[in-house]
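Count residues from 1 along the sequence. Every heavy atom of this structure was used, including side-chain atoms; hydrogens, water molecules and symmetry mates were not. Both ligands and their constituent atoms are indexed starting at 1 by order of listing.
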Amino acid sequence: MKVKKVKVLKFDGDCLSSAENIFKAVNIIMSEKEFPAVVISAFEGMTDLLIEGIDKAKGKEQNVSDTISILTENHFNIAQESIKNDKIFNKTIADITIQIKKAERLLYGVAYTEEITEAVRAYILSYGERIAASILAGVLEDNGCDSRVIETDKIGLVTDESFENAIVNLEEFKRNFNFTAHNIINTGIIPIFTGFFGNTPEGKVTTFGRRGADYTASVIAYGFNATQLEIWKCNTAFMSADPDMVKNARIIEKLSYFEAAELVYFGKRALHPLTIEPVAGAEIPIHIKNLLDSEGKGTMIAQDAYIEENIIKSVSQNDNISMIRINGTGIGYKPGLIRKFSNALAAENINIFATVSSQTTINLIIENQDAEQSYEILNRYKGKIIEKIDFVRNIALVAVIGEGLVKKRGIFARILGAVSDEKVNVEMASAGASEVAIYIIVPKDELSDTVNAIHEEFFGGK
Ligand code: ASP
Ligand code: MG
């Protein structure tokens, strides 16, 4: 038997809500030279519709039919615009009608019982992807291409039990998936995987959080040991700065896994933050492409630490953070403090975005939505060692990213110089903690000046 090479192609459902764009995707799939395994996410607005639909369903039957009408109309329209053959159209409509019925029953369950478990919620949310996959399969068939929907709660894609932010057990998945992967490759029928969800060991549906289909695609690429993961978005995902903030921001052509892993936590979150991990371990490159500029080079993410002459590849920001500053003259002497704090926060499901510490201070950077609660939790530790805890608001974190920045003399000085020329006061900085990133914290209302000054220093032009 000839062993075929698999390439995983992931399409953002957000981009496929018009027939024109679905045809672009179908073209890309059909002209792929390697064997394509497709991963898709829900069409634009459909996950939001289901999220709202769940909230509105509680105790209000009438609201369920409203949600279901919009869900039905939207998908019927997309199918109608993009499938020409009557027989294939009717079959697709029959398939998605069954799926919509199931989502409807689940929502009525919520309406009658006025309550919902995390597992049922995840199950309802998964329908956006299930329906989108059926429509894409219909369009492929309409274009003479055999394909098959593979629902990702039926292939051993086992996760932990956090239903809204699940993490995949990669080794177990690979073992479970081996047989399916062989079958898929042997039949040669193009698989369309539903992104965004997996299941617990007991078989309950779990989701990966918003944009989670990127992570699915990476996990599927790992499962196939694919030659490449190609992710199609409808924007230019990785740029030297946020183009809404910096006018002459430009596309980044190459990134290492480490640089990309830093960047996905910033700005507009170009990818689901866990996307890099599964493929990085297997050294499968990721190619990020823009469906609206399909000839464009896109961004290649791979193992190699490619050092730009300029060193810096991107200046990005996060202004959705606060800082909690824990002070005490004995902090440096007391072992296990950071672990204690991070355990206390983790117990409440709070994630620490970054930490910077010295002998007398531990600074925890926390996302705004968790900051107030974190402050309360940490205040319980005030006493002998912890003398004072400050809650620092209205700040923003700027990350300057590039392989080689710690090894090249003068980079940090150039960053600080550019910022100080703008008369911005840097409240905190961390250099050398990562080989590819320097973080600085500035007042929120000076964020734009800061980012522009650093960008200009390394990329020129106003
Ligand atoms: N449909 C999900 C969302 O809207 C997952 C995804 O798009 O990747 O977040
Ligand atoms: Mg999406």
(message) Tell me whether ligand 1 is touched by His272 - counting only heavy atoms on the residue side and a distance under 4.0 Å.
(response)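 For ligand 1, residue contact (heavy atoms, under 4.0 Å) with His272 is absent.
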
(request) Return yes when Gly212 approaches ligand 1 closer than 4.0 angstrom through a heavy atom, no otherwise. (result)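 In this structure, Gly212 qualifies as a contact of ligand 1 - some heavy atom is under 4.0 Å.
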
(message) Quick check on the 6.0 Å ring-centre criterion: do Phe196 and Tyr215 meet it?
(response)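 Judged by ring-centre distance (under 6.0 Å), Phe196 and Tyr215 do not meet the cut-off.
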
(message) Would Asp214 count as a polar contact of ligand 1, with the cut-off being nitrogen or oxygen pairs under 3.5 Å?
(response)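 In fact, backbone or side chain, Asp214 has no N or O that close.
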
(request) Please indicate whether any nitrogen or oxygen in Phe196 is less than 3.5 Å from any nitrogen or oxygen in ligand 1. (result)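 No: no nitrogen or oxygen of Phe196 is under 3.5 Å from one in ligand 1.
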
(request) Record the part of Met46 in heavy-atom contact with ligand 1 below 4.0 Å; permitted values are side chain, backbone, both and neither. (result)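 Neither; no heavy atom under 4.0 Å.
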
(request) Using a cut-off of 6.0 Å, state whether more than 12 heavy atoms not belonging to Lys101 lie near its atom NZ. (result)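 No - once you tally the heavy atoms of other residues, nucleotides and ligands closer than 6.0 Å, there are 12 at most.
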
(request) Please say whether more than 12 non-hydrogen atoms of neighbouring residues, nucleotides or ligands are located less than 6.0 Å from CD in Gln228. (result)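 Yes, enclosed.
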
(message) Show me the pairs that pass ring pair (Phe, Tyr, Trp, His ring centres under 6.0 Å) and involve residues 35-78, at least two apart or across chains.
(response)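 Residue pairs with at least one partner in residues 35-78: Phe43-His75.
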
(message) Which of the numbered atoms in ligand 1 are under 4.0 angstrom from any heavy atom belonging to Ser41?
(response)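 Selected atoms, number and element: 6 (C), 7 (O), 8 (O).
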
(message) Out of Lys10, Arg210, Glu44, who is nearest to atom 3 (C) of ligand 1 when you count heavy atoms only?
(response)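 Selected option, by shortest heavy-atom distance: Arg210.
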
(message) Against Thr159, only a single residue in Thr207, Val168, Ile167 fulfils side chain to side chain contact (heavy atoms under 4.5 Å, CB included); can you say which?
(response)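 Running side chain to side chain contact (heavy atoms under 4.5 Å, CB included) over Thr207, Val168, Ile167 with Thr159 returns exactly one hit, Val168.
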
(request) Establish, yes or no, whether the cationic atom of Lys204 lies under 6.0 Å from the six-membered ring centre of Phe163 and within 45° of the ring axis. (result)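 No - Lys204 does not lie over the ring of Phe163 by the 6.0 Å and 45° rule.
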
